[in-house]
Protein chains: 2
Amino acid sequence: MSQHRHPGAPGSAGAVPALPDLPEATVARLPEYLRALHNLADTGHETVSSEGLATAAGVNSAKLRKDLSHLGSYGTRGVGYDVAVLIGQIESVLGLTQNRAVALVGVGNLGHALAGYDGFASRGFRIAALFDADPARVGEEINGLVVRHIDELPRVAAEESIAIGVIATPAAAAQQVADELVAVGVTSILNFAPCVLSVPEGVDVRKVDLAIELQILSFHEHRKASLTGLPATGGSALTALPGGLAATDSQEAIGT
Amino acid sequence: MSQHRHPGAPGSAGAVPALPDLPEATVARLPEYLRALHNLADTGHETVSSEGLATAAGVNSAKLRKDLSHLGSYGTRGVGYDVAVLIGQIESVLGLTQNRAVALVGVGNLGHALAGYDGFASRGFRIAALFDADPARVGEEINGLVVRHIDELPRVAAEESIAIGVIATPAAAAQQVADELVAVGVTSILNFAPCVLSVPEGVDVRKVDLAIELQILSFHEHRKASLTGLPATGGSALTALPGGLAATDSQEAIGT
DNA sequence: CGCGATTTGTGCACGTCTTCACAAGCGCCT
DNA sequence: AGGCGCTTGTGAAGACGTGCACAAATCGCG
Ligand SMILES: NC(=O)c1ccc[n+]([C@@H]2O[C@H](COP(=O)([O-])OP(=O)(O)OC[C@H]3O[C@@H](n4cnc5c(N)ncnc54)[C@H](O)[C@@H]3O)[C@@H](O)[C@H]2O)c1
Ligand SMILES: NC(=O)c1ccc[n+]([C@@H]2O[C@H](COP(=O)([O-])OP(=O)(O)OC[C@H]3O[C@@H](n4cnc5c(N)ncnc54)[C@H](O)[C@@H]3O)[C@@H](O)[C@H]2O)c1
């Protein structure tokens, strides 16, 4: 979760282009649609139906249509959506047209993996700088970037326009790092440290926490186990359970 | 999101103890409460009020009380919650009392970081095995664990009871790995690869996707930027916008 | 022993999200 | 040109989640 925008914003001089004020749930799904669309584009598809795109993205087709309708209907009835057009629209809405500069703070175990990850650049982000507090790490070069001391953050921020800060330090240091990021004007933070950050209004924080994900899975596992009154049918229940529409078999839409 | 339980499940022999069937949103917050509670316990607190715990966990106190009430009221009016008791309760509900074995598949960039992370053991999970398909990686030792070839998965799974599978392979391999995990009986998967997995009913999948998080942040950044069009009031609209209770200042509850 | 201060647990109203179901629109084929 | 099948876009209903506000419960103290 992140901070909230004031929902009942007044119609204050709404001469702005056309920011449709998307539902948060929709925003969270757009990136998934975008990835599915890129896959489709790469496999030569020119258009795609809501049904096809929905299964490729792992969602309900009605939901997908409603999501897309929020950003202004770029589909053609009887045909579907133009893949290229839709990619452009979503990227535009998400603000991915400008390559946003990302600052990564904490180049430890996890930070190294993130710094070496090429999945950022291909999605509209550019790691602009790496920071750490440990003098032993400062100067190290990763993927063409040199690790700088955290004290240099203000200077670097003045040069590059940092759009997003990523925190990969221990939890004990996370709040201070967040404060420093906010101080240099960063208004979006992705936090990997397992702690709650306190930030001023207007700053968005998203959190990724491994342990929480595992614990949620653990809960479901726990519950499944307590339901095992049924003998479980021996081994290969693999191909059983037609299930219906429920899950996923987006495979055919993307793969083939 | 993950797969769903069939909602309108028939009253199939429901003589189970007392699984309260928590709302999914509540389940997702329990780990956060748990972490806050551990922090409190470590700092010597015996009891905590809903208000205190709520701020420590970054949520609304009413929400917290409702969440806790779902698992059967272990608080005392006029006093608060007994920290130790609540920890026990939540851990019990989440099924953390048994140390669940985790299998990590894909020991690359990210997999290394995960394998070397000590935040698992301290939260009720034990990395039981590491797998990779690259012969060059097999045999490597990380944190006391030897990387095994993915083909050994069935044998290892027969020895250890793998509760959760973590996929940290490239997207192209993720579906196959998921299938292999399911084949050896894994019913909970945490997926780091940026793709939709297709799994049979009854298997839970959770996904962690960096790029999606960044893109969501990008959207908000984009929108914030487009709101700066209102020059009308002549400058620092920065500190405007009362907004309300929204944010956070859990700090004092944890840190100090 | 009773009273007031405090905090939990929850009924209720509200907002958000999801899903169904179908009219409106589009292209193709005859 | 007209009809037909397909697909989008959306109204409406229902499920779900949130937060207020307050009664019920408990403790401590006089
Ligand atoms: N490693 C993982 O797989 C993993 C998984 C989930 C969560 N996390 C979390 O991510 C964070 C980082 O984990 P890690 O394993 O990389 O830890 P780490 O100790 O390997 O790395 C932390 C790095 O942060 C640096 N640092 C400390 N204080 C700093 C400061 N004030 N300013 C700048 N840099 C500072 C340290 O010098 C170190 O290089 C932790 O909060 C951890 O809980 C890690
Ligand atoms: N590195 C990051 O910071 C990061 C961040 C977000 C997401 N991801 C995602 O996590 C995944 C892993 O990223 P990475 O940077 O570690 O990639 P990587 O290429 O460094 O590592 C992938 C590993 O998976 C192994 N592998 C490939 N096919 C396999 C198979 N069939 N069975 C078992 N192992 C197999 C490879 O041998 C390799 O060791 C990717 O999907 C990536 O998109 C990574």
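All chains are named by letter (A, B, ...) in the order of the sequence lines, taking the proteins before the strands, and each is independently numbered beginning at 1.
Residues passing the ring-ring contact (aromatic ring centres under 6.0 Å, His included) test with A:Phe192, sequence neighbours excluded: none. Residues passing the salt bridge (charged side-chain N to carboxylate O under 4.0 Å, His left out) test with A:Glu213 are B:Arg206, sequence neighbours excluded.
Rounded to whole Å, the distance from CG on B:Asp67 to C1' on C:dG9 is 13 Å. For the pair B:Gln89 CD and C:dT8 C1', the computed distance is 16 Å after rounding to whole Å. Here the C1' atom of nucleotide C:dC17 and the CD atom of B:Glu24 are 15 Å apart, to the nearest Å. Across the protein-nucleic acid pair, A:Lys63 atom NZ and D:dA15 atom P stand 16 Å apart, rounded to whole Å.
Remark: the backbone N or O of A:Ile164 is not paired with any side-chain donor or acceptor of A:Ser188 at under 3.5 angstrom.
Axis angle between the ends of the helix from C:dC1-D:dG30 to C:dT30-D:dA1, five pairs each and rounded to 10 degrees, works out to 10°.
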Which protein N or O atoms sit under 3.5 Å from an N or O of nucleotides 7-11 of chain D?
unit_1	atom_1	unit_2	atom_2	d
D:dT7	O4'	A:Gly78	N	3.1
D:dT8	OP1	A:Ser50	N	2.5
D:dT8	OP2	A:Ser50	OG	2.6
D:dT8	O2	A:Arg77	NH1	3.0
D:dG9	OP1	A:Ser73	OG	2.1
D:dG9	OP1	A:Gly75	N	3.3
D:dG9	OP2	A:Tyr81	OH	2.6
D:dG9	O5'	A:Ser73	OG	3.4
D:dG9	O4'	A:Arg77	NH2	3.1
D:dG9	N7	A:Arg65	NE	2.9
D:dG9	O6	A:Arg65	NH2	3.2
D:dG11	O6	A:Lys66	NZ	3.1

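In this structure the side chain of B:Val166 never reaches within 4.5 angstrom of the side chain of A:Leu210, judged on heavy atoms.
For the residue pair A:Glu221 and B:Thr187, a side-chain donor N or O sits within less than 3.5 Å of a side-chain acceptor on the partner.
Between A:Val203 and B:Lys224 the shortest heavy-atom distance is CA-NZ, 4.3 Å.
Applying the salt bridge (charged side-chain N to carboxylate O under 4.0 Å, His left out) test to every pair with at least one member in residues 65-75 of chain B, sequence neighbours left out, gives these pairs: B:Arg29-B:Asp67. Residue pairs meeting the salt bridge (charged side-chain N to carboxylate O under 4.0 Å, His left out) criterion with at least one member in residues 40-63 of chain B, sequence neighbours excluded, do not occur.
Between B:Asn60 and D:dG17, a side-chain N or O to OP1/OP2 separation shorter than 4.0 Å is absent.
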